[in-house]
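What follows is a set of notes on a single structure, which appears directly below.
Chain letters run A, B, ... following the sequence lines, proteins first, then strands; residues in each count from 1. Note: hydrogens, waters and symmetry copies are ignored here, and every other heavy atom, side chains too, is used.
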Amino acid sequence: MYPEYMMESIKKVEQTRPKRLELAKKFGKKVFPGMSEQEREDILNNYHPDYKDDALRELRIGPNKGDKIINEVVDIMESYPRDYPEIFDLNKVDFETDVLIIGAGSAGLSAAIEASNADADVLLITKLRLGDSNSMMAQGGIQAADQSDDTPVLHYLDVIGGGHFDNKPELVEALVMDAPPSIKWLEDLGVMFDKNPDGSMMVKSGGGTCRNRMHSTRDYTGAGICRVLRDEVYNHPDKIKYIEYTAATELILDDKGQCAGAIIYHLESKQYSIVKAKTVIIATGGFGRLHIRNFETTNHYGATADGLVIGYRAGANLLYMDSVQYHPTGAVFPEQIVGFLCTEKIRGLGAQPVNSEGELFVYPLEPRDIEASAFIRECENDLGVTTPSGLKGIWLDTPLIEELSGEGTIEKNLPAMLRQYHRFDIDIREYPMLVYPTLHYQNGGLEINAASETSISGLFVAGESSGGVHGRNRLMGNSQLDIIVFGRRAGKNAAAKVKKGVQLGKLSLEHVEKYIKEVDSIGVDKKRIAPIVLPDYIPDHVKAKQLSSEFQGTLF
Amino acid sequence: MSIQREMINIYIGGELFQVPEGHTIMMAFEYSGFQLKRGVGCREGYCGACATVYREKGDYKLKGGLACQTVVTDGMTIAMIPFVPAEKPVYDLNELTPDVGTFTQLFPSVFRCVSCNTCTKACPQDIQVMDYVQALIRGDIAKAADLSFDCIRCGLCALRCPAEIVQYNAGILARRLYGKYLSKNSPELEIRLKEIEEGKYDKEIDELKKMPGDKLSEKYYSREINIS
Ligand SMILES: Cc1cc2nc3c(=O)[nH]c(=O)nc-3n(C[C@H](O)[C@H](O)[C@H](O)COP(=O)(O)OP(=O)(O)OC[C@H]3O[C@@H](n4cnc5c(N)ncnc54)[C@H](O)[C@@H]3O)c2cc1C
Ligand code: SF4
Ligand code: SF4
């Protein structure tokens with residue numbers, strides 16, 4: 001339940017509700033004027049996190065030296081390794097495999113299935129359990145142009161326009177042309193897509209799509225796909241070995257510069273192992289848990305951009321790490337679900353964003369970056385509501401939905417949302433939700449080509465950790481697609497490379513030694529260590545008493 | 001404005017800690033100095049990694065829940081479950097049929113269900129677990145797929161089942177059988193696959209790939225939007 005002082009603001013929301021209801025009845029969704037091009041530009045410049053003067057800074061080392069990228073990403077790139085190369089004896093190999101896959105979201109799982117289908121031996125390692133990932137969390141959907149009024153050509157246009165024309169064309173082609181076959185592949189594996197009785201797909205539109213092409217598996221699209229892939233991986237014990245609770249902390253190259261494996265760290269037994277692999281696929285996902293500019297996040301616990309760090313150190317280059325996707329409506333209260341994604345559908349159904357004074361202040365369905373900026377503006381101008389834990393937010397007036405469309409509308413259309421808030425004693429049919437923009441998606445990543453390869457021979461990247469597919473802005477439903485398309489491509493191509501014959505030379509960590517020298521040369525605190533592996537949420541006063549322990553999450 | 005909160009006592013694995021009221025079990029662990037390596041995943045109730053058992057003050061009952069979704073209460077005694085060592089049969093979906101025979105063969109334990117309903121009571125997703133197990137016994141794959149849909153594989157049902165059934169592994173097989181064999185194929189999808197194979201869109205896509213920025217932008221902004 002909301003504390004007394006928040007209820008006072010809610011009263012103001014209730015007072016203005018009848019008037020706003022009238023507006024909605026009269027003007028439909030157009031309850032507030034949309035912003036002009038100039039207004040959009042101004043609000044982005046003044047309030048969007050990416051446009052703040054200190055959002056970006058120049059990266060001083062590595063392949064992207066001189067580029068201005070997100071501050072927090074520079075921090076992890078300009079950092080020391082977790083352990084110094086000389087402590088590892090690369091002659092003592094613990095595991096040998098054809099394909100090493102790092103990360104077990106849907107990208108890693110798809111890659112594992114395809115590589116094993118092509119008769120390669122796979123070692124799949126992941127920090128958490130198989131499937132515990134951003135992939136499992138998607139609610140909305142997955143895009144594919146398979147309807148009769150739609151074509152891959154239209155899908156192509158949507159993807160590249162949405163990405164501000166910065167996307168790599170060959171990657172967009174792969175994405176849209178592989179989309180229908182990917183849906184087929186998933187269905188053959190037993191994914192239960194939402195369908196009409198005649199077998200036709202139930203499809204919806206999404207932000208930036210010109211046709212209805214969002215496929216779903218109820219409210220659990222990510223899980224509907226990811227758990228099937230995981231079950232399939234379990235069914236190939238002869239070809240796919242997996243190790244959970246284990247993080248890759250460095251890539252290994254050979255003396256010819258080919259990717260040749262990784263150092264992996266078993267989180268609980270604290271042992272390191274050496275993996276020798278003919279090919280490596282990075283599928284470590286995004287960076288939400290870096291809490292860029294102190295934003296809360298929708299991402300899972302392991303989203304700490306480890307793959308970017310180890311890939312970059314090995315010499316792979318980054319693309320578009322100067323933009324971040326914030327989702328306008330993340331929960332800020334109750335604190336148990338801070339960061340939780342409140343789907344766009346809520347505004348679609350008529351809930352209006354309202355400030356602490358009960359005033360409607362923006363057209364509810366501006367593009368994500370504009371809407372988010374407007375919410376931030378209200379809060380910076382003291383028109384937000386502060387939560388007991390010190391976060392700020394604005395109201396999303398959900399009771400309006402039922403007043404507009406009748407009792408039962410919320411239960412029917414937003415069951416997961418209703419359940420989530422009910423668990424914490426808030427009935428969103430009676431009271432509004434308090435929301436603020438939340439860190440959602442890593443638009444860029446390690447650059448790949450259409451075969452999912454990086455510039456390093458034998459190193460592949462797939463999924464959210466790759467860069468180029470979505471340009472500087474990803475549309476909803478295209479990342480669930482991306483992870484299947486490029487996960488599969490990476491798996492197939494890695495296996496094909498192995499079959500063609502890979503001759504590895506002497507294993508080496510020389511690239512890490514060189515990197516350390518570069519970090520030395522720019523003068524960085526020795527305590528700044530990456531990959532982070534796991535975030536650290538222990539409060540300072542407790543940490544102050546943990547005098548002799550060593551921890552993950554040692555970024556200062 | 002940060003409001004000072006009451007502190008309450010909880011017992012993690014029997015050891016006393018004081019944490020702010022309103023914390024979830026997961027937050028309470030972290031507040032107490034644990035950096036979680038297990039029993040944590042999405043932190044939003046979607047992955048099922050954080051199954052936890054607890055007992056509340058003055059209550060004899062052992063309850064189960066998700067650590068990221070359950071709020072601590074004063075005097076609560078808590079143990080996170082790091083792992084459920086449940087059995088999972090290996091199969092090739094292509095060789096199976098969507099009927100009761102598949103389950104007799106792969107999940108004989110399902111037929112030992114004594115209808116005690118313990119699993120349903122244990123499920124943090126409010127799934128009618130016993131009902132989907134019963135549906136499998138009847139060979140009603142579609143029903144089992146439907147009822148088990150929201151399963152996040154937390155393992156709490158299997159941990160409590162007196163018949164040693166691993167409900168969630170049977171549930172995912174039911175859903176996969178339904179998705180592959182029992183739902184009708186989409187006619188549009190089949191047509192599109194053929195078109196793609198025949199190269200129907202290759203030329204147009206190729207043109208787009210080579211198109212200069214201004215022309216591409218013009219094409220994008222003038223595309224017809226037809227959504228519902
Ligand atoms: C709440 C939410 C809702 C979303 N909704 C949608 C949607 O509706 N439609 C859509 O298209 N997209 C959506 N997305 C985005 C999409 O789900 C993700 O971009 C996508 O799933 C990423 O998949 P992935 O396999 O690349 O990474 P992930 O699924 O995040 O998997 C990464 C894996 O790598 C592991 N890992 C990380 N570092 C290491 C390491 N050092 N060593 C070993 N393992 C490691 C992680 O633990 C994890 O298992 C959503 C995302 C979120 C968070
Ligand atoms: S059915 Fe079992 S495994 Fe699935 S969510 Fe319920 S208790 Fe957890
Ligand atoms: S707990 Fe086991 S025996 Fe009891 S109803 Fe559930 S499946 Fe059947």
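Proximity of a side-chain donor or acceptor of B:Glu44 to a complementary backbone N or O of A:Ile337 within less than 3.5 Å is not detected. A distance-only check finds a donor-acceptor pair linking the side chain of A:Lys195 to the backbone of B:Lys184 [under 3.5 Å]. The backbone N or O of A:Gly224 sits nowhere less than 3.5 Å from a side-chain atom of B:Arg175 that would complete a donor-acceptor pair. When atom types are taken as modelled, the side chain of B:Arg223 and the backbone of A:Asp158 share no donor-acceptor pair closer than 3.5 angstrom. The backbone N or O of A:Ala144 sits nowhere less than 3.5 Å from a side-chain atom of B:Arg192 that would complete a donor-acceptor pair. With B:Lys180 contributing its side chain and A:Asp188 its backbone, the two residues share a donor-acceptor pair below 3.5 Å. No donor-acceptor pair closer than 3.5 Å links the side chain of B:Arg43 to the backbone N or O of A:Tyr301.
Ion pair A:Asp132/B:Arg153 not flagged as a salt bridge, since none of the NZ, NE, NH1 or NH2 atoms sits closer than 4.0 Å to an Asp/Glu carboxylate oxygen.
Taking CZ of A:Arg227 as the reference point, atom CD1 of B:Ile152 lies at 10.0 Å (rounded to 0.5 Å).
The two atoms that bring B:Lys37 and A:Leu267 nearest to each other are NZ-O, 3.3 Å, heavy atoms only. For the pair B:Lys209 and A:Pro169, the tightest heavy-atom approach, listed with the atom from each and the gap, is CG-CB, 3.9 Å.
Side-chain contact, A:Asn235 with B:Lys88: a donor N or O sits under 3.5 Å from an acceptor N or O.
Contacts of A:Phe193 with chain B are absent, with no heavy-atom separation under 4.5 Å from either backbone or side chain. For chain B, the nearby part of A:Arg423 is the side chain; its heavy atoms alone come within less than 4.5 Å. With a 4.5 Å cut-off on non-hydrogen atoms, A:Arg419 touches chain B through its side chain but not through its backbone. In this structure, chain B has a heavy atom under 4.5 Å from the backbone of A:Val191, while its side chain stays farther away.
Identified by a heavy-atom distance below 4.5 Å to chain A, the contributing residues of residues 64-74 of chain B are B:Cys68, B:Gln69, B:Val71, in residue-number order.
With a 6.0 Å radius and a threshold of 12 heavy atoms from other residues, nucleotides or ligands, B:Gln18 has its CD atom above the threshold.
When each of A:Gln147, A:Met201, A:Glu268, A:Lys168 is checked for heavy-atom pairs under 4.5 Å with chain B, A:Glu268 comes out on top. Chain A forms the most heavy-atom pairs under 4.5 Å with one residue out of B:Thr24, B:Leu189, B:Asp92, and that residue is B:Leu189. Of the listed residues (B:Tyr221, B:Phe83, B:Tyr178, B:Tyr46), the greatest number of heavy-atom pairs within a distance under 4.5 Å of chain A belongs to B:Tyr46.
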